[in-house]
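Excluded from the calculations below are hydrogen atoms, water molecules and symmetry mates; all remaining heavy atoms, backbone and side chain alike, are included. We name chains A, B, ... by the order of the sequence lines, and we start the count at 1 in each one. All values derive from a computational prediction rather than experimental measurement.
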Amino acid sequence: MTDRIVNDFSITVGTVNGSGSSTANNTILRAIFKMGIPVSGKNLFPSNIQGLPTWYTIRVNKDGFTARRDEREIVIAINPASFEKDVASLVPGGVLFYEDSIKAPITREDITVYPMPIKQIVRSDPNVPSNLRDLVGNMVYVGILAQMIGMDLETIRAALTFHFKGKAKPVELNFNAASAGAEWAKANLEKKDPYYLKAMSATNGMIMADGNTAAALGAIYGGVQYVGWYPITPATSLAETLNEYLPKLRKDENGKATYAIIQTEDELAAIGSCVGAGWAGLRAMTSTSGPGLSLMTEFAGMAYFAEVPLVVWDIVRMGPSTGLPTRTSQGDLSFVANMGHGDTDALMLLPGSVNECFQFGWQAFDIAERLQAPVFVMSDLDFGMNQWMTTPFEYPDRPMDRGKVLWEQDLEKSDGKWGRYLDVDGDGIPYRTLPGNRHPASSYFTRGTGHDEYAKYSEEPQVWIRMMARLKKKYETAKQYLPKPVIDGSGSKVGIIAFGSTEPAVREARALLAEKGIQTDFLRLRAIPFAPEVTDFISAHETVYVVEMNRDAQLHQMLTLKHVPQASKLTAIAFNDGLPPTAQWIFNDILAKEEK
Amino acid sequence: MTDRIVNDFSITVGTVNGSGSSTANNTILRAIFKMGIPVSGKNLFPSNIQGLPTWYTIRVNKDGFTARRDEREIVIAINPASFEKDVASLVPGGVLFYEDSIKAPITREDITVYPMPIKQIVRSDPNVPSNLRDLVGNMVYVGILAQMIGMDLETIRAALTFHFKGKAKPVELNFNAASAGAEWAKANLEKKDPYYLKAMSATNGMIMADGNTAAALGAIYGGVQYVGWYPITPATSLAETLNEYLPKLRKDENGKATYAIIQTEDELAAIGSCVGAGWAGLRAMTSTSGPGLSLMTEFAGMAYFAEVPLVVWDIVRMGPSTGLPTRTSQGDLSFVANMGHGDTDALMLLPGSVNECFQFGWQAFDIAERLQAPVFVMSDLDFGMNQWMTTPFEYPDRPMDRGKVLWEQDLEKSDGKWGRYLDVDGDGIPYRTLPGNRHPASSYFTRGTGHDEYAKYSEEPQVWIRMMARLKKKYETAKQYLPKPVIDGSGSKVGIIAFGSTEPAVREARALLAEKGIQTDFLRLRAIPFAPEVTDFISAHETVYVVEMNRDAQLHQMLTLKHVPQASKLTAIAFNDGLPPTAQWIFNDILAKEEK
Amino acid sequence: MAQPLPVAGANVQVNLTGLSRNDYRGAPSTLCQGCGHNSIASQIIAACYDMNIVPENVVKFSGIGCSSKSPTYFLGRSFGFNSLHGRMPSIATGALFADRTVKGISVSGDGDSANIGIGQFKHMMRRNANMLYIIENNGVYGLTKGQFSATADIGLTLKKQGTNEYTPIDICEEALIANASFVARSFAGNPKQVKELLKAALSHKGIAVIDIISPCVTFNNQDDHLHSYAWGKDHEQPLQEISYVPPREEIMLQADMQDGDIVEVALHDGSLIRLKAIDPGYDATSKLAALTMLEKAREENLLVTGLIYIDEKKPDMIAMHDLSDRPLNRMTESDLRPARETIAKINDLMF
Amino acid sequence: MAQPLPVAGANVQVNLTGLSRNDYRGAPSTLCQGCGHNSIASQIIAACYDMNIVPENVVKFSGIGCSSKSPTYFLGRSFGFNSLHGRMPSIATGALFADRTVKGISVSGDGDSANIGIGQFKHMMRRNANMLYIIENNGVYGLTKGQFSATADIGLTLKKQGTNEYTPIDICEEALIANASFVARSFAGNPKQVKELLKAALSHKGIAVIDIISPCVTFNNQDDHLHSYAWGKDHEQPLQEISYVPPREEIMLQADMQDGDIVEVALHDGSLIRLKAIDPGYDATSKLAALTMLEKAREENLLVTGLIYIDEKKPDMIAMHDLSDRPLNRMTESDLRPARETIAKINDLMF
Ligand SMILES: Cc1ncc(C[n+]2csc(CCOP(=O)(O)OP(=O)(O)O)c2C)c(N)n1
Ligand SMILES: Cc1ncc(C[n+]2csc(CCOP(=O)(O)OP(=O)(O)O)c2C)c(N)n1
Ligand code: SF4
Ligand code: SF4
Ligand SMILES: [Mg+2]
Ligand SMILES: [Mg+2]
């Protein structure tokens, strides 16, 4: 037998959706996390509710590289429909756990095979009601796996207790099933494979959360007051989390709501109501994905032009069109950058971790109100719907920035003299008043049509030019309010620019490249328009690889346009098949280009 | 008195909309055209129905330069509200005709002034019913102008006969008013200004038409079968012209319609119904402008991805948002190029004359069906709603291209074997069948979600990659089916690239530059994606100015991205205040840059 | 709360809030002369003046169209939002959460609300926001020069459009079956009724829809078709004579109300709508009666006007959301950001 | 015209077109077990088989949702278009002009047609396209995991959503007042009625709406709320016993139809719907009766099912557009491009 392989492998569970296996799979993930071992879990699920093949991939890595890998060392095969494919997907020397009622032949000789009599084991527990047997059965494979790779049963209990919010009954039921599995394995299986878990302390002080939860919580700490939304995968859970936590965190002195959430009739109304709320002075947000975003186009253009603050979370899924609703992508950048007819500009925030989903959750409102503009936060399905390790969420480190708002007393001071679209401060950002202001000079008339500095309708050519030039200026000003890129480097010749959920894969790819002698610096972009630091980074490197998950190298295009004289340095590493990227893919592609 | 200035000046009528002056103004335009003198007319109107200031500008130019000019040699001032501004707008030495009931003081000494007692003259004709006096009054200034600058009264009659479709009564009524005006002027006004018209034969064999009419007629000759539309300025008249001409030109043997036109409930339904019709094998089109286009985003993405042919006419007006509904722009390029979430591509046709509006009217269908994709024809308000001189419309010079469609007999031959998204020919374009095909193997299931070569739903990563790569290939193939650029040049160092309605201004600016010793070559772009000729043109020049009507130099950006190594050659000449560009503006800008 | 502008000169007549009629006007209209929309704007001005409404307590909303322009022409001292075609309801929904003491007055057109906007219209009814929703219904698209709207008469022939083949949408029926809490119909040619209905609607808490037939004199004013002044004059049949009795006013029957079948409806603010039934027995609190009446009116080719339906008990949007009594848009960080100590608890809730 | 596939083996039962029931099936369902939508798909298969419909003569349309997936699961030999959320009606509108001999069968959900799609739904009714329009109504969004739709019961409490405060939209009322020409309601738990109504609807020329209560067993199947099997079973009250009599079949009363109040409605293709009134005197040709019945059913908390309204005389979309008798999508250049000589005339029409 080969040497032990400890805390460095991937586990894939092949099952069907709607079968309750997500509890089991999350339990494995959490149990490993509780053992202090860096871990990640990715759910690869179909766009339906019940009965189709689903895979859950867990990566355990002692060095903290938790990007998805294509290689599967351990496969737990529960689904007869995908069995053949699942078996074939194992690396040589890999391990197959399988539900022993699957009768398909296993022809591979290079793997270790453990059959699991799950149904039998469940039936042997008289405490499991017959209608729950299938559900609870999933915990049996958790127990068997635990026994075979050395997962701590107590961490399983902790995971279950969390999952069932402490409710003793389901915890016991499920824990017993896991224990039964473990006992059975102990008695019946002989360890023949090299894969082991061993407790560490690498996750101490960390938490696990998904990006949508983090975003929703961040928004609550950002003082969100209005949510207009429409369900769509993978954005739904963001609004549903607001629904869950807002009532707990945000009541006034009389126990009444300081916010309103409306599930509108569609996405046009979702963003429309945010435009209304943002205009009227509420911190307004919506969350959506591709098709919904496309429907928001007309209002996005209006919010840009009438200068209304609001926040749009785009949890990107694979487009174009309905595309792959349950697959991840970074393919909406170009669209958002040009969202709406006529000349526009867009402010985009690009969170690069679940913790940043929380941070940008509150910061997005400050930015939107400061700049009186829609802010698009570009998350994705991988962030939004998967559990990630993260440092704990931190309380906002600065007071809210409500931007330039004039109330009654301000107008009294200025004798009621003000102009809604007047560039008083020379930064392109005008002042605004809010409905409900009772000063008789407070009101103005808002429109998406041409208007002058005093919000009066105007078709004057010069007025139009002035307003559009001021908007351009405002988007220049924006750069100082946007999160700066995060740069990790020490003067290498090769630079990498990436953003969002590719971060772990890029980090790991850099390590792989370093092993080959290729040192790289890394700029993680956090906002568009680009900060000056981005230009400096490009200037400071001989080659800059731009890594992203889309077909057309959208960020690469945007960087090229802004850095024409240096454009030849910029090399696109763009690929998108719906799966989170692997470090290997990035590594291979850069290596090939470096060796050319 | 200075020398005569013959056939080279601009006339502006300052009036109010809804007052019936458009008949009068069009009459002037047409009468001059009938005199064989090159002429253009631009209506500068507000976004309401009645009572606000409106200007109609006519440019007469013997050399055929008919772009708008800022300079006004002759002003006819009918509107008291804009009187002061109108008087101020005259060039020194200019001529003011004004309604003499306007009592404002005229302080300028450097102009010739002709008061016009319009009301009196109208009242003196007992044949004019009192309720028509205001309307007919407009013709009085036409007559006075005619008399003073030497416009032929018979050409006025010809223009009126056309306008009233030969109906004798209104023709007489209006003609008499013009005659009365002319007679009055002859008797009472003494010519003191230098501006004269003189008959030429420069417009022989030409016609006058607006771009929307041309587009509609072109579409009819292209066999349009389905029109789903929603009213919006400046696109409305396109669909209304289809409404007018289709019944005349397109009945079957029983007098029944071979087409359907539906004014849908909104633009989502307009394009949606075109997607349905195009999918089912009809030549389908819609026409819209900015706000409507934004609403079409989700369907545009679907048509791209599900590969449905249809034609969208975008009669561009000033955006973003509702913007300036009655002002012109070329500001939708970037939006259309990125229309829809996810990775997309767009086919755009860019007509550069009213005649090309007709040509692209029919060609767009061939291209859409050949490529199984939406085709966006980017016209604008200046084309769409103004009268332009043009060579006559020509009958299509080639048979219809219905693209790759399989009917019953085709499937019989292939034994029913085919795949909707199979790249049989290696050009990225698959074959399709149409509902109503009765072969039992003909049907397939269309969706905006991921699908394989046989149109089956698929979430397979490799399938997705394959399909998206084939789409990319298809858009490469597209170049050979799109209209090539028109190039005018002879090896100058300086090139100009422009498209659409800026053509006359560019042409004139080139003449002005040539006078300054700057020879230029001109590439008029007619389609996106770019043909190889565009690249050749850029390669062949030292400097290339990209002229366009928008703030952000959108075409310049697109050219830059496709020509990064040569990008430093490309210089943006971009400006958009809602008015059609003048040659002077282009000339000044290029000259300043050339002299730097 | 209000800060009324000083009244210029002593001889200007003012209402109880110290404002003159002028303070309720807006910019001069740029609509066509004779357009029904202008006459409605005048009645809005009159109703607000009569009701002593403080303009700063109102927010105006509209979509796109000639009708949707009209908020520019009244209540120049109120905030206004001329939004997108067909999307006014969504804008209003969000905005009306900002300050619950502010009343919404919105104007839309038949194209705006029955064509492109019918979806937002229907769902706005369900939310029952505290807003007067006027549809200035002329059967055509005025601003784009005379295409059929969804309320156009079947068989109507227009110049460039040919003949309308589609059965019209009845805005009041649409509002009713979507459970709107106040539904009325009126006619721009009957300004007195328009005004009284506006007052009643402004006192209603929740969504108040008034479908006002408002002829487009430029594109659709054919004597033999609904949406013309002539047809309206000939075929109008008011359901009731309506008078609005402000809160705290002595409740006394006016002379012309003495005989006949008088019904009074109490509104939440203490005001009353007094209805002298012309169609005796018509019960404006019954949805079924309302639907029946509308269907019969359609069959008999009548323009029945008046208060069609009212439900004073339906909770409005603010109540449904159990909203704070304080205006949300005046809340500050201390109201909106959970206390520092909560963050640890939140982290504990994660795994 | 049809090219029926050869039938495998002699013992397979076939209908008059020579097709077996299998020829009407689609791909295996990927919906949840027990989902109402599956049972409706089975009845579509059964009805089409019984009616000897040639699958190639049908085009399927849907929006997005669990319900909208179901066209994959029936009539695998028909063309189909799974379109965008809420936008099926527009797709169908355009497509149904292509070949007038093709019948549309569409499936939508309550979210798809009453929330995002209510606008397209309403305007589809007005166009009266020749299409069966099924709404598989479960009061929730199934595919996005159980949010309230616009048809959700007021007071319904769902896991993550809390309690629904909004009054529901009644799809049949919506269809009726938009002047749909065929409106019915049924219940997935009453497959026999579903099937007969489907047959009647498929024979109707024009838009035929069937609102079918189709429980979502995963997210909304609470015994005490509409949209559950249990509630439906307890509260269903059929208006009639319905049987569909194909054209040319001998018209004979079946035994169980012998007594009672029998009404027959003739459809354009010569078939009949035979209604044995359970609610005697109910007149399915009266819009007012239909509205009254629906309002009463709502008040009395009943699930009234059956044929609610039918108007066989309303011209359908093809007729309204005076369309050629030949399929438009088989026309060629000679039909579609005006003759060469016309171009000179056109140029003459310009100035
Ligand atoms: C998305 C969009 N589509 C089309 C238009 C063009 N448009 C402006 S007003 C209007 C119709 C208005 O009709 P209605 O609401 O009845 O108002 P009216 O002018 O008759 O008062 C249309 C179609 C637009 N502004 N936006
Ligand atoms: C534009 C858009 N918004 C949102 C979605 C996400 N979505 C998919 S199905 C669905 C709801 C479907 O509900 P319903 O029509 O009732 O069908 P059911 O699943 O209940 O049968 C939603 C919101 C989408 N696909 N497109
Ligand atoms: S066009 Fe019609 S609706 Fe518009 S302002 Fe004129 S009369 Fe009124
Ligand atoms: S989630 Fe509900 S609607 Fe969707 S398939 Fe399952 S039971 Fe049917
Ligand atoms: Mg209207
Ligand atoms: Mg549903």
Among [options], single out the residue with the greatest number of heavy-atom pairs under 4.5 Å to chain A.
| options | value |
| --- | --- |
| V59(C), D325(C), V58(C), L84(C) | L84(C) |
| I346(C), D335(C), D348(C) | I346(C) |
| G26(C), G119(C), A339(C) | A339(C) |
| K60(C), K345(C), R127(C) | R127(C) |
| T93(C), V102(C), L328(C), L323(C) | L328(C) |

Residue, of [options], that accumulates the most heavy atom pairs under 4.5 Å with chain C:
| options | value |
| --- | --- |
| R447(A), M206(A), E298(A), R283(A) | E298(A) |
| W362(A), Y457(A), W279(A), Y444(A) | W279(A) |
| G448(A), G281(A), G223(A), A257(A) | A257(A) |
| T264(A), V275(A), I262(A) | I262(A) |
| D266(A), I220(A), D210(A) | I220(A) |
| V224(A), T213(A), T433(A) | T433(A) |

Is [X] close to chain A through its backbone or its side chain, or both, or neither, when contacts mean heavy atoms under 4.5 Å?
| X | result |
| --- | --- |
| I318(C) | neither |
| R326(C) | side chain |
| P55(C) | neither |
| S78(C) | backbone |
| D99(C) | side chain |
| A27(C) | neither |

Need one label for A441(A): side chain, backbone, both or neither, based on atoms under 4.5 Å from any heavy atom in chain C.
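Nothing of A441(A), per the 4.5 Å heavy-atom cut-off to chain C.
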
Taking side chain as everything from C-beta outward and backbone as N, CA, C, O, which of these in R250(A) sits under 4.5 Å from a heavy atom of chain C? Side chain, backbone, both or neither.
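Contact with chain C involves the side chain of R250(A) alone.
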
Without swapping roles, check the side chain of [X] against the backbone of [Y] for a donor-acceptor pair under 3.5 Å.
| X | Y | value |
| --- | --- | --- |
| Y395(A) | P338(C) | yes |
| N82(C) | F445(A) | no |
| R87(C) | A269(A) | no |
| S443(A) | R77(C) | yes |

Inter-residue atom distance [X].[atom1] - [Y].[atom2], 0.5 Å rounding:
| X | Y | atom1 | atom2 | result |
| --- | --- | --- | --- | --- |
| Y226(A) | H321(C) | OH | NE2 | 8.0 Å |
| N329(C) | Q225(A) | CG | CD | 7.5 Å |
| L249(A) | L336(C) | CG | CG | 12.5 Å |
| I91(C) | I271(A) | CD1 | CD1 | 9.5 Å |

In terms of ring plane angle, is the pair F351(C) and F33(A) parallel, tilted or perpendicular, where the classes change at 30° and 60°?
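It falls in the tilted class, 30° to 60°.
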
Does any part of the side chain of P440(A), heavy atoms only, come nearer than 4.5 Å to the side chain of E56(C), both counted from C-beta?
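Yes, at least one pair of side-chain atoms sits under 4.5 Å.
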
R438(A)/T101(C) under side chain to side chain donor-acceptor pair (under 3.5 Å): CA gap, chis, key distance, verdict:
CA-CA 11 Å; R438(A) 262 59 176 197; T101(C) 66; 2.8 Å; yes

Got more than 12 heavy atoms from elsewhere within 6.0 Å of NZ, K314(C)?
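Result for NZ/K314(C): enclosed.
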
Should the heavy atoms of other residues, nucleotides or ligands under 6.0 Å from NZ of K251(A) be counted, would the total exceed 12?
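Yes - once you tally the heavy atoms of other residues, nucleotides and ligands closer than 6.0 Å, there are more than 12.
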
